[in-house]
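Here is the structure we will look at, set down as structure tokens.
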Amino acid sequence: VDAYSQLVAEGYLQARRGAGTRVAADRLSVAAPEALARDQANIRHDLSPFQPALDGFPRRTWHLAMGHVLRSASNERLGYPDPAGVPELRGSLAAYLARTRGLHLSVDQVIVTGGTRQGLALAWRALLGGEGRSVAIEWPGWGGVSETATDASLATIPIPVDEEGILVENLARTRADAVAVAPAHQYPTGSVLSARRRAELVCWARQGDRLIVEDDYDAEYRYDRQPVGSLQGLEPDRVLYLGSTSKTLAPAVRVGWLVSPPRLVGALVEAQRRCGGGPSPLHQLALAHLIERGDLDRHLRAQRRRYARRRDLLLQALARELPAAEVSGAAAGLYVTVKLPQGSDVPSVLAHARTRGLAVEGFVDQGPALVLGYAILHETVVEPVVEALAACVRLAS
Ligand SMILES: Cc1ncc(COP(=O)(O)O)c(C=O)c1O
């Protein structure tokens, strides 16, 4: 009896009153979420929305670029660098961002950072830090924004997001000094800020001389049409623009950038100096080399094709396995958002998923929803993964 109870608890057997005990059709399908959620290390398929395809990192190209840097950099280059970043990278980024994202900028406005999170921390501290200041943030949204703002003693004002992006009319009713948005692909809803909201947002910033902090997250990945341009290109004097290599190369590179309105550059560079400067100049020079040689463009073209294939397979499998679920945010980025039927228990879906070796994110602020990253989901496993996930959703509804 003990053995049977244990096997039932672990999902190997199904016991039904009056119908006897049978081997579970899918042996994990009846597992109690708490019992198996212990199995944290056993992740077989990571649907994290935060990872690019790490096996696609251009190792050889990076190796060649690092070799070039080590051969060509003079000894003087090994001293303390300019806290704003090495001139080569600032120059190549300025040209790259103008060409690919429509930014209006000069080289002086570019500051190299250790990624978006570090850029945000720098911006809040240098520009807004102090008692009584507040920043509006998208809600739900990426924890990196709220955490860095809170660390800089700023009050955060959550503003809802719908399928057109942040609700600017709600924002206009607040006394926020700044707003942080991810217009190209909002996390976790996947919304792309509509043209109408873009115009409203710029108008809001102009009226009160306020700051828009633009996290140009996922902007490199737009599948159905040309990427929408940056907000910075519309309003360079009131937008502080942030970008990063975390999704285009790999999070481990830890190189990002910000583009500041000219009047704020001095304060930002001074804050960067005080906290020890940006990433290693050697890595900065390697990235500059990649951009100058067109290697980054080539890499992104290949990655876009690979991600588009994975995304299409995921959408097909979701339509088949979870026909009632509403999928959004598929136009851009590396994840889709799947709205589940009302009443679905998201924590329970996640726990069931974990028992099957699937790491998935979810949120409940706008009704039950899952966030499915497909960047590291190999084509051959998309179908079985979605089948398993659909079983978890059924179990938890
Ligand atoms: C919304 C959003 N922006 C930016 C980033 C990148 O941050 P970083 O450059 O610090 O790695 C992430 C990473 O997960 C993110 O979710």
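For ligands, and for the atoms within them, numbers begin at 1 and follow the listed sequence.
Between I159 and L171, the closest heavy-atom pair is CD1-CA, 3.8 Å. Residues R206 and L234 come closest through the heavy atom pair NH2-O, 4.2 Å. Shortest non-hydrogen contact noted between I376 and A53 is CG2-CA, 3.5 Å. Nearest heavy-atom pair, L211 versus P261, reported as atom, atom and distance to 0.1 Å: CD1-CG, 4.4 Å. The nearest pair of heavy atoms linking R133 to L127 is NH1-O, 4.3 Å.
Taking only nitrogen or oxygen atoms, main chain and side chain alike, Y187 does not reach within less than 3.5 Å of ligand 1. At under 3.5 Å, a nitrogen or oxygen of R117, whether backbone or side chain, sits near a nitrogen or oxygen of ligand 1.
Listed by number with element, the atoms of ligand 1 under 4.0 angstrom from any heavy atom of G115 are 9 (O), 10 (O).
With a heavy-atom cut-off of 4.0 Å, D215 touches ligand 1 through its side chain alone.
Of the candidates G119, S246, A250, S244, S246 brings a heavy atom nearest to atom 11 (O) of ligand 1.
Nearest to atom 13 (C) of ligand 1 among the protein's heavy atoms is W142 CZ2, 3.9 Å. With respect to atom 14 (O) of ligand 1, the closest heavy atom belonging to the protein is F50 CD2, 2.9 Å. Scanning the protein for heavy atoms near atom 15 (C) of ligand 1, the closest one is Y217 CE1, 3.2 Å.
Contact between R254 and ligand 1 is present, with at least one heavy atom of the residue lying under 4.0 Å from the ligand.
A heavy-atom distance below 4.5 Å is not found between the side chains of T100 and L300.
Using a 3.5 Å distance cut-off with no hydrogens or angles, the side chains of S48 and Q51 do not pair a donor with an acceptor.
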